[in-house]
Amino acid sequence: MSVTSGSHIHQIRIGIIGPRTIVDAILRMIETFPSFAPVPLVYGHEDEAPALAEEIGGDVEVILFADPLSHRKAKERMNVTVPTLHVPITDAGLYKALFYAQQNGSLAGGISVDTLSETMVMRTLKDLDISGIRTVIFDGPAYTSMEKLLAFHQEQFRSGACSIAFTGAGSAAQELSALGIPNRWLLPSDQDIVVTLERALLSTESRRSKEAQIVVGMINVDDFGSLALKRSSEHEVQKLKLDIHRMVLDYVESLDGYLTHLGGDEYLFFTTRGIFERESGGYKTIPLAKDMNKTHGLSLSIGMGFGRSASAAGTNARVAMRKAKEAGGNACFIVREDGTLIGPLEMADPIREVLSFTDAELIKRAEDAGMTSAYLSKLLHNRARLDKYEYKVHELAALLGITVRSAHRLLLHWIDQGFVEVSGLEKVPRGRPRQIFKFTFLQKTPL
């Protein structure tokens with residue numbers, strides 16, 4: 001579930017300029033960078049890149065171009081006042097292109113390659129054990145026009161030196177196809193895109209200030225008392241406590257953080273936002289929870305708080321911890337500096353959608369409609385873990401811990417408020433069919 005955040009949330013606006021294929025790939029990968037708010041612009045030809053960059057230059061903090069050629073054109077023709085980067089084309093893209101060409105039997109007559117260096121090309125051919133293929137590599141300047149690249153490949157094909165062209169320019173690939181010359185467009189790999197997005201993130205002023213922002217975390221061991229009762233002696237209980245403390249300490253150390261034990265089964269730690277984002281894979285997963293479950297069969301409730309001061313971050317961490325407990329434990333929620341909620345993150349159990357935003361306005365609307373934060377947390381948790389947003393009334397009553405009559409009353413009220421709709425009927429052997437209620441706001445929507 002992803003409910004788009006309101007405009008009051010400050011995210012880093014990043015311009016993305018390129019052909020549809022690469023822009024779509026970048027947008028797919030950018031979902032793991034919750035700090036970014038993408039502003040995508042698609043072109044049909046690299047020559048359009050400067051005008052598009054000019055169009056959004058005053059409205060974004062960084063611009064990411066899909067390829068080196070469009071980046072070069074933009075820098076030559078406009079005065080760029082924000083950081084600009086491009087997604088590089090590496091031998092990872094050549095691997096994929098060569099694989100498909102080999103499957104089609106297109107390599108036998110030789111290949112012509114642009115954009116990549118001779119070292120990269122020869123290394124890739126050697127790794128694939130096809131180094132005996134005749135290879136011609138474009139040796140012109142790094143930022144050569146599409147027309148020159150096209151002329152190079154045409155010459156190699158018409159002279160019989162090569163049977164297929166590999167090009168890093170999308171427009172050149174289009175022209176080669178129009179001329180009937182077999183070709184493969186060298187596209188960036190997902191890893192190339194991720195690395196470039198990380199560089200873009202670190203290049204922005206907003207990010208540089210947020211990297212060092214203090215984050216407060218609270219960890220609580222779920223139902224430790226009952227687990228302790230299963231130990232055969234007090235000595236075993238103390239050993240378990242020491243093991244838990246060591247694992248929490250190791251995790252906080254991986255965050256370059258500071259840990260303090262609050263007593264009992266609760267811990268408090270401090271780290272920085274940049275480190276926590278990287279270690280959680282972009283607010284996706286908590287490795288400690290999986291390790292703790294695998295080693296000791298324990299589950300954790302974790303609350304993370306962001307804030308413009310340590311006090312505010314601590315308050316938000318406590319609110320996030322309450323959300324995790326309301327969801328039934330084995331959950332981690334984050335409350336950001338503006339009060340918005342992220343979660344639940346992936347814990348010991350695999351979940352399908354590990355990132356969800358709930359803006360403050362939605363929470364207020366839900367609570368005004370009688371959907372308390374406890375109910376909302378449980379619904380979010382179930383949506384993330386089980387991909388569930390449809391309920392029969394008795395299922396909802398069991399989840400929320402209320403009577404069927406109360407669940408019916410709440411459902412009718414939520415239908416009036418536009419949160420729920422009747423999506424179908426379930427036939428039963430005897431009696432009236434049971435209605436199925438869909439929580440429409442829990443359905444996956446694009447960020």
Side-chain angles (χ1 to χ4, degrees), residues 5 8-12 31-37 61 197-198 201-202 204-221 245 247-262 265-292 300-327 329-347 354-360 363 373 377 380 384:
S5 302
H8 58 283
I9 297 173
H10 177 71
Q11 288 180 284
I12 299 167
E31 290 183 4
T32 61
F33 290 79
S35 296
F36 274 141
E61 290 190 50
L197 285 169
E198 288 174 347
L201 196 58
L202 294 172
T204 64
E205 288 185 20
S206 292
R207 185 57 197 180
R208 284 195 293 271
S209 64
K210 282 191 175 183
E211 277 282 301
Q213 184 182 359
I214 292 294
V215 169
V216 176
M218 302 189 75
I219 300 173
N220 183 268
V221 182
H245 189 96
M247 293 181 74
V248 173
L249 189 63
D250 287 346
Y251 173 64
V252 174
E253 185 180 15
S254 75
L255 298 172
D256 284 341
Y258 176 81
L259 175 71
T260 184
H261 186 198
L262 298 180
D265 50 9
E266 194 161 78
Y267 298 83
L268 179 75
F269 67 91
F270 300 85
T271 184
T272 58
R273 186 165 182 165
I275 293 173
F276 177 69
E277 182 170 295
R278 287 191 288 276
E279 289 298 315
S280 62
Y283 312 148
K284 288 176 65 179
T285 184
I286 302 292
L288 172 65
K290 292 184 178 181
D291 294 343
M292 196 75 77
L300 304 175
S301 293
I302 301 177
M304 302 296 302
F306 298 170
R308 295 182 178 88
S309 68
S311 173
T315 300
N316 286 340
R318 180 63 70 182
V319 172
M321 169 63 79
R322 189 172 72 244
K323 300 289 185 189
K325 285 295 185 183
E326 287 171 350
N330 190 29
C332 174
F333 283 90
I334 301 168
V335 174
R336 294 198 287 195
E337 60 268 32
D338 53 11
T340 55
L341 189 71
I342 301 176
L345 280 65
E346 185 172 338
M347 301 290 280
V354 297
L355 180 64
S356 54
F357 290 86
T358 306
D359 62 42
I363 293 174
S373 61
S377 295
L380 282 171

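As a basis for the values below, the full set of heavy atoms in this structure was taken, side chains included, without hydrogen atoms, waters or symmetry mates.
Taking the side-chain contact (heavy atoms from CB on, under 4.5 Å) definition, one finds that S311 meets it with S309, sequence neighbours left out. Checked against side-chain contact (heavy atoms from CB on, under 4.5 Å), E253 has the following partners two or more places apart in sequence or in another chain: D250. Remark: E198 engages no residue in a salt bridge (Lys or Arg N to Asp or Glu O under 4.0 Å) (not counting sequence neighbours). The side-chain contact (heavy atoms from CB on, under 4.5 Å) check on T272 picks up I275, with sequence neighbours excluded. Evaluation of the side-chain contact (heavy atoms from CB on, under 4.5 Å) rule for A320 yields F333, V335 as partners, not counting sequence neighbours. F269 is linked by a ring pair (Phe, Tyr, Trp, His ring centres under 6.0 Å) to nothing, counting only residues two or more places apart in sequence or in another chain.
With L300 as the partner, the side-chain contact (heavy atoms from CB on, under 4.5 Å) test is satisfied by one option alone out of N330, V221, N220: V221. Each of T271, V248, L268, I219 was checked for a side-chain contact (heavy atoms from CB on, under 4.5 Å) with L259, and the lone residue meeting it is V248.
Within the 3.5 Å criterion, the main-chain N or O of M218 finds no donor-acceptor partner in the side chain of E266. In this structure, the side chain of Q213 engages the main chain of G307 through a donor-acceptor pair within 3.5 Å.
Pairing each heavy atom of K323 with each of L341, the nearest pair is CG-CD1, 4.0 Å. Annotation for S301 and A324: closest pair CB-CB, 4.0 Å, computed over non-hydrogen atoms.
Between F270 and Y258, the ring planes are tilted. Angles from 30° to 60° get that label.
A salt bridge does not link R336 with E277: none of the charged nitrogens is closer than 4.0 Å to a carboxylate oxygen.
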